[in-house]
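When a residue number appears, it is its place in the shown sequence, counting from 1.
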Amino acid sequence: MKGTELETMAEYRWKAAVVILSDKGYAGEREDKSGPLICGMLAEAGYDVRETILLPDEIEEIKKYLCKLCDSDRMDIVFTTGGTGFAPRDCTPEATMAVAERNVPGIAEAMRLASLKITPRAMLSRGVSVIRGSTLIINLPGSPKAAKENLEAVLPSLDHGLAILTGRDGECAR
């Protein structure tokens, strides 16, 4: 544990943010369903979802907000949803990589592998996972079904990774 913290890992609630990326959602032309679904799953898993925001697919705006969540707001983990496909305006992975300090390819690989068991289209996801400072950023697909499946694939392993990243635990060896 860091400093004088008395809480155990089981008692600590990771500070999380969910960033929904959708031009149509931002313009009010489509109701977002993936954001509330992800927030519900995270809350059920014990995460403290402190912020959700809906943004358009604008790379500079996404970069600016990711930096704010990591650097100023000091979130432990940020999930994005949407903008990971092949459409010309899909720029979430590029914005995420632009603010990254370290790449965490295993998370994105695990999500695609789990999704490939459900649909061959999973290989078309361009989502990435990275670290900025002491914050983990994970890109999820915009489809509620795919976002749920991807989050289910990685959620059980995130606690340990976040504990190491944030200095709450220093041991990986068993």
Side-chain angles (χ1 to χ4, degrees), residues 1-21 32-53 62 65-84 92-93 95-97 99-118 122 125-174:
M1 290 292 153
K2 262 186 169 176
T4 60
E5 292 178 33
L6 298 176
E7 59 206 4
T8 65
M9 287 308 299
E11 296 170 338
Y12 185 78
R13 296 186 65 201
W14 299 114
K15 297 177 298 201
V18 176
V19 180
I20 301 110
L21 302 161
D32 171 62
K33 295 184 180 176
S34 61
L37 175 67
I38 293 164
C39 289
M41 290 176 67
L42 293 174
E44 187 175 305
Y47 286 69
D48 179 8
V49 181
R50 295 195 174 181
E51 186 161 353
T52 60
I53 188 165
I62 297 167
Y65 211 80
L66 289 176
C67 288
K68 174 194 171 297
L69 291 169
C70 297
D71 303 344
S72 303
D73 297 346
R74 315 273 301 156
M75 294 293 162
D76 297 312
I77 190 162
V78 175
F79 294 91
T80 67
T81 178
T84 61
T92 303
T96 304
M97 290 303 293
V99 303
E101 294 172 353
R102 296 187 287 162
N103 191 12
V104 187
I107 293 173
E109 291 165 2
M111 291 190 303
R112 277 187 281 276
L113 180 61
S115 286
L116 274 169
K117 294 175 183 175
I118 300 163
S125 173
R126 299 181 316 107
V128 299
S129 47
V130 304
I131 294 169
R132 179 180 176 87
S134 60
T135 304
L136 178 61
I137 304 170
I138 299 175
N139 298 158
L140 297 170
S143 151
K145 180 180 182 299
K148 179 181 186 290
E149 292 165 357
N150 278 244
L151 186 54
E152 286 175 338
V154 298
L155 197 54
S157 297
L158 295 180
D159 188 61
H160 178 68
L162 289 170
I164 298 295
L165 178 61
T166 61
R168 293 183 181 285
D169 193 357
E171 292 293 323
C172 269
R174 293 182 185 221

S.K.: Which pairs, with at least one residue in residues 128-140 and sequence neighbours excluded, count as a side-chain hydrogen bond (donor to acceptor under 3.5 Å, both in side chains)?
M.R.: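 Listed by first then second residue: D71-R132, T80-N139, T96-N139.
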S.K.: At their closest point, which heavy atom of L37 faces which heavy atom of P144, and how far apart are they?
M.R.: CD2-O, 3.2 Å
S.K.: What closest approach, in Å, do L116 and A122 show between heavy atoms, and which atom pair accounts for it?
M.R.: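 In terms of heavy atoms, the two residues are closest at N-CB, 3.5 Å.
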S.K.: With a 3.5 Å distance limit and no angle check, can you tell me whether K15 reaches the backbone of R74 through a side-chain donor-acceptor pair?
M.R.: yes
S.K.: Within the side chain of T92, is there an N or O that forms a donor-acceptor pair under 3.5 Å with the backbone of G82?
M.R.: yes
S.K.: Take C70 and V99, measure what side-chain contact (heavy atoms from CB on, under 4.5 Å) needs, and give me the verdict at the end.
M.R.: CA-CA 10 Å; C70 297; V99 303; 6.0 Å; no
S.K.: Atom OG1 in T166, atom CZ in R168: separation rounded to 0.5 Å?
M.R.: 5.0 Å
S.K.: Could you go through the side-chain contact (heavy atoms from CB on, under 4.5 Å) check for R50 and D73 one step at a time?
M.R.: CA-CA 10 Å; R50 295 195 174 181; D73 297 346; over 6 Å; no
S.K.: Atom CE of M111 and atom OG1 of T84: how far apart are they, to the nearest 0.5 Å?
M.R.: 8.5 Å
S.K.: Looking at M41 and L155, what are the two nearest heavy atoms and their distance?
M.R.: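 So the two residues come closest at O-CD2, 4.4 Å.
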S.K.: Can you list everything that forms a side chain to side chain donor-acceptor pair (under 3.5 Å) with S115? Sequence neighbours excluded, please.
M.R.: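 Partners of S115 under the side chain to side chain donor-acceptor pair (under 3.5 Å) test: N150.
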S.K.: Does the pair L162 and Y12 meet the rule for a side-chain contact (heavy atoms from CB on, under 4.5 Å), with working shown?
M.R.: CA-CA 11 Å; L162 289 170; Y12 185 78; over 6 Å; no
S.K.: Starting from the C-alpha separation in whole Å, work towards a yes-or-no answer on side-chain contact (heavy atoms from CB on, under 4.5 Å) for W14 and L158.
M.R.: CA-CA 10 Å; W14 299 114; L158 295 180; over 6 Å; no
S.K.: Considering all heavy atoms of both residues, which atom of C39 and which atom of V18 are nearest to each other, and what is their separation?
M.R.: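 That would be SG-CG2, 3.8 Å.
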S.K.: Is a side-chain donor or acceptor of R112 paired with a backbone partner of G127 at a separation under 3.5 angstrom?
M.R.: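 Side chain of R112 to backbone of G127, a donor-acceptor pair under 3.5 Å: yes, one is there.
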S.K.: For A147 versus I38, what's the shortest heavy-atom pair and its separation?
M.R.: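 Heavy atoms of A147 and I38 come nearest at CB-CD1, 4.0 Å.
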S.K.: Kindly compute the distance separating CD1 (I137) from CE (M75), expressed to the nearest 0.5 Å.
M.R.: 12.0 Å
S.K.: Between atom NE2 of H160 and atom CG of D169, what is the distance when rounded to the nearest 0.5 Å?
M.R.: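 Output value for this atom pair is 6.5 Å.
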